[in-house]
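Letters go in sequence order (proteins before strands), and every chain restarts at 1. Because the structure is a prediction, the values reported are computed rather than measured.
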Amino acid sequence: MLQQTVVATVIPYFLDFTRRWPTVDSLAAAPIDDLLAAWAGLGYYARARNLHKAAVMVAEEWGGEFFCPDDSSPDNIANCDSHLRLLPGVGPYTAGAIGAIAFGQQTVVVDGNIERLLSRYFGIDIPIPAAKTRIGAAYQSLLPVNRPSDLPQALMDFASAVCTPKRPQCKGCCLAGSCVALANDIVETLPVKPLKTKKPMRRAVFFVAVNQHGEVFLHRRPEKGLLGCMLGFPENGLSSKAIEPSLDQNAAPFAAEWILLSEPIFHVFTHFTLEAYIYLANVDSQPDASLGGMTIGQWRKPCSADLPSLMRKIWAAARPQLFRDKLVEDEAGSAAR
DNA sequence: AATACGTGGAC
DNA sequence: TGTCCAAGTAT
């Protein structure tokens with residue numbers, strides 16, 4: 001959960017997950033849709049899919065244990081690392097963190113905080129990601145024999161509090177006397193990040209329908225790609241790089257009196273900004289939307305908690321309009337989950 | 001190596 | 001509709 005996500009954001013999700021699925025076995029046995037619903041709003045949804053796959057691997061293939069050699073010889077540290085890396089979603093950082101924190105091994109653990117701290121302290125001025133090799137070597141050179149699990153956690157907290165990206169607290173820093181970047185007055189220029197390209201715009205249309213039962217029409221998105229496997233309103237254009245998708249009703253999941261909201265909403269992703277146009281419909285029947293005989297969606301009680309943030313935002317924009325001339329029970333009653 | 005992948009908080 | 005970034009990983 002902490003991958004590219006700040007601690008304060010993670011805490012409620014972590015507490016919910018560990019309460020509902022306190023063991024690897026329970027997590028592996030949980031329906032993936034339950035995990036995805038619990039993950040909704042946290043972002044980077046491949047993490048949730050990988051977490052479940054990893055739990056299934058540990059439960060069914062590893063006998064329920066994160067096998068790790070208790071002998072801490074260098075060979076076994078490497079073996080443990082490569083073993084953990086077999087789990088989907090476990091990369092260099094996570095494998096190192098598990099090795100150090102869970103098993104007390106002398107692993108290399110370099111997150112964004114430590115990367116910043118070490119690149120500054122050692123004056124590593126080659127760009128990321130090429131600098132990662134040297135930063136890893138620098139970390140290796142610091143590894144203590146005793147309590148190796150303290151090092152990454154101490155460095156992360158220290159860098160997060162003192163060696164910050166902007167306005168680092170060099171005055172009074174206990175490392176100021178030997179920090180290469182400080183001596184060269186280049187602290188805030190490190191680490192060297194690649195130049196960021198301008199974020200492109202995409203345009204998409206979304207279809208929000210409510211039936212006479214107060215249910216909305218949602219579908220499960222394709223298992224890979226943006227918002228993979230998450231619930232969402234049918235749409236057209238979201239995954240298309242060409243900013244061309246027509247704003248007409250061609251992609252509607254079924255025929256209805258679709259009304260286009262006058263104003264689009266905007267949503268910012270990591271690599272593009274979305275301009276989302278929203279079509280609305282109140283339907284008296286319950287159309288069975290299908291393509292080639294396959295049902296493409298389902299009518300469900302609207303529950304924002306199950307939706308990724310983009311879809312929550314779309315629902316929040318659509319709901320007042322849909323409820324204007326049709327009294328429908330909203331989700332307030334079902335929000336006490 | 002470069003890009004895809006979410007979201008929200010701090011300025 | 002800004003900018004930058006966060007306990008990164010997969011492809």
Side-chain angles (χ1 to χ4, degrees), chain A residues 1-14 36 39-51 53-54 84-102 107-117 126-133 135-136 139 149 151-161 163-168 188-189 191 193-203 221-230 232 238-241 243 263-276 307-313:
Chain A
M1 286 180 173
L2 288 166
Q3 292 168 358
Q4 292 287 286
T5 307
V6 294
V7 173
T9 300
V10 161
I11 287 174
Y13 288 86
F14 178 82
L36 293 169
W39 199 281
L42 193 54
Y44 283 151
Y45 298 101
R47 293 181 298 178
R49 305 194 298 272
N50 287 334
L51 176 64
K53 286 182 195 164
L84 292 170
R85 288 285 300 273
L86 295 174
L87 299 172
V90 176
Y93 162 75
T94 305
I98 295 171
I101 298 170
T107 58
V108 171
V109 185
V110 180
D111 79 322
N113 292 300
I114 296 175
E115 179 177 274
R116 186 174 60 252
L117 171 65
I126 58 181
I128 305 291
K132 286 177 180 289
T133 302
I135 294 171
Y139 187 98
S149 71
L151 183 67
Q153 298 180 87
L155 291 183
M156 284 189 280
D157 285 344
F158 176 75
S160 173
C163 197
T164 51
K166 303 286 178 59
R167 303 164 65 87
E188 286 201 63
T189 72
K193 295 292 188 67
L195 286 62
K196 41 196 62 100
T197 59
K198 207 175 73 177
K199 193 168 289 191
M201 181 77 72
R202 286 187 196 176
R203 184 174 300 138
R221 295 181 54 78
E223 65 176 319
K224 296 200 170 184
L226 194 69
L227 308 178
C229 293
M230 299 302 288
L238 180 56
S239 293
S240 170
K241 289 186 176 181
I243 187 175
E263 295 297 328
I265 65 149
F266 292 85
H267 189 78
V268 180
F269 290 95
T270 306
H271 51 301
F272 68 94
T273 296
L274 177 68
E275 183 182 10
L307 301 176
S309 289
L310 167 63
M311 302 300 173
R312 294 180 188 179
K313 202 179 287 188

> Run the side chain to side chain contact (heavy atoms under 4.5 Å, CB included) check on A:V7 and A:L2 step by step: do they pass?
Replying inline: CA-CA 7 Å; A:V7 173; A:L2 288 166; 3.9 Å; yes
>> Could you walk me through whether A:T270 and A:K199 satisfy the side chain to side chain contact (heavy atoms under 4.5 Å, CB included) test, starting with their C-alpha distance in whole Å, then the side-chain angles of each, then the deciding distance to 0.1 Å, before giving a yes or no?
In response: CA-CA 8 Å; A:T270 306; A:K199 193 168 289 191; 5.7 Å; no
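For the P atom pair drawn from C:dT11 and B:dG6, the interatomic distance equals 14 Å after rounding to whole Å. Between the C1' atoms of C:dA10 and B:dA1, the separation comes to 14 Å (whole Å). With P as the reference atom, B:dA10 and C:dA7 are 13 Å apart, rounded to whole Å.
No side-chain heavy atom of A:F158 sits less than 4.5 Å from a side-chain heavy atom of A:N113.
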> Reading nucleotides 4-11 of chain B 5' to 3', which nucleotides get B (base under 4.0 Å from a protein heavy atom), which S (sugar-phosphate only), which -?
Replying inline: SBBBS---
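Each of A:Q153 and A:N50 lies near DNA chain C, and the nucleotide nearest A:Q153 is the one positioned closer to the 5' end.
For the side chain to side chain contact (heavy atoms under 4.5 Å, CB included) test, residues two or more places apart in sequence or in another chain that qualify with A:A131 are A:I124, A:I126, A:I128, A:I135. Taking A:K132 as the reference, A:E115 meet the salt bridge (charged side-chain N to carboxylate O under 4.0 Å, His left out) condition, with sequence neighbours excluded. Partners of A:F269 under the ring pair (Phe, Tyr, Trp, His ring centres under 6.0 Å) rule, at least two apart in sequence or in another chain, are A:H267, A:F272.
Residue contacts for A:R116: at a heavy-atom cut-off of 4.0 Å it reaches the sugar-phosphate backbone alone, with no base atom in range. Contact annotation for A:P92: backbone-only contact, meaning every heavy-atom pair under 4.0 Å involves sugar-phosphate atoms and none involves a base. Among the heavy atoms of the strands lying under 4.0 Å from A:M201 is at least one base atom, whether or not backbone atoms are also near.
A 6.0 Å sphere centred on CZ of A:F266 holds more than 12 heavy atoms belonging to other residues, nucleotides or ligands.
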Would you give me the side-chain donor-acceptor pairs under 3.5 Å for residues 41-48 of chain A, sequence neighbours excluded?
residue: A:Y45; atom: OH; partner: A:G41; partner atom: N; Å: 3.0
residue: A:Y45; atom: OH; partner: A:G43; partner atom: N; Å: 3.4
residue: A:R47; atom: NE; partner: A:Y44; partner atom: O; Å: 3.2
residue: A:R47; atom: NH1; partner: A:M1; partner atom: O; Å: 2.8
residue: A:R47; atom: NH1; partner: A:Q3; partner atom: O; Å: 2.8
residue: A:R47; atom: NH1; partner: A:T5; partner atom: OG1; Å: 2.9
residue: A:R47; atom: NH2; partner: A:L42; partner atom: O; Å: 3.3
residue: A:R47; atom: NH2; partner: A:G43; partner atom: O; Å: 2.8

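Here the range on DNA chain C touched by chain A, meaning any atom under 4.0 Å from one of its heavy atoms, is C:dT1 to C:dA10.
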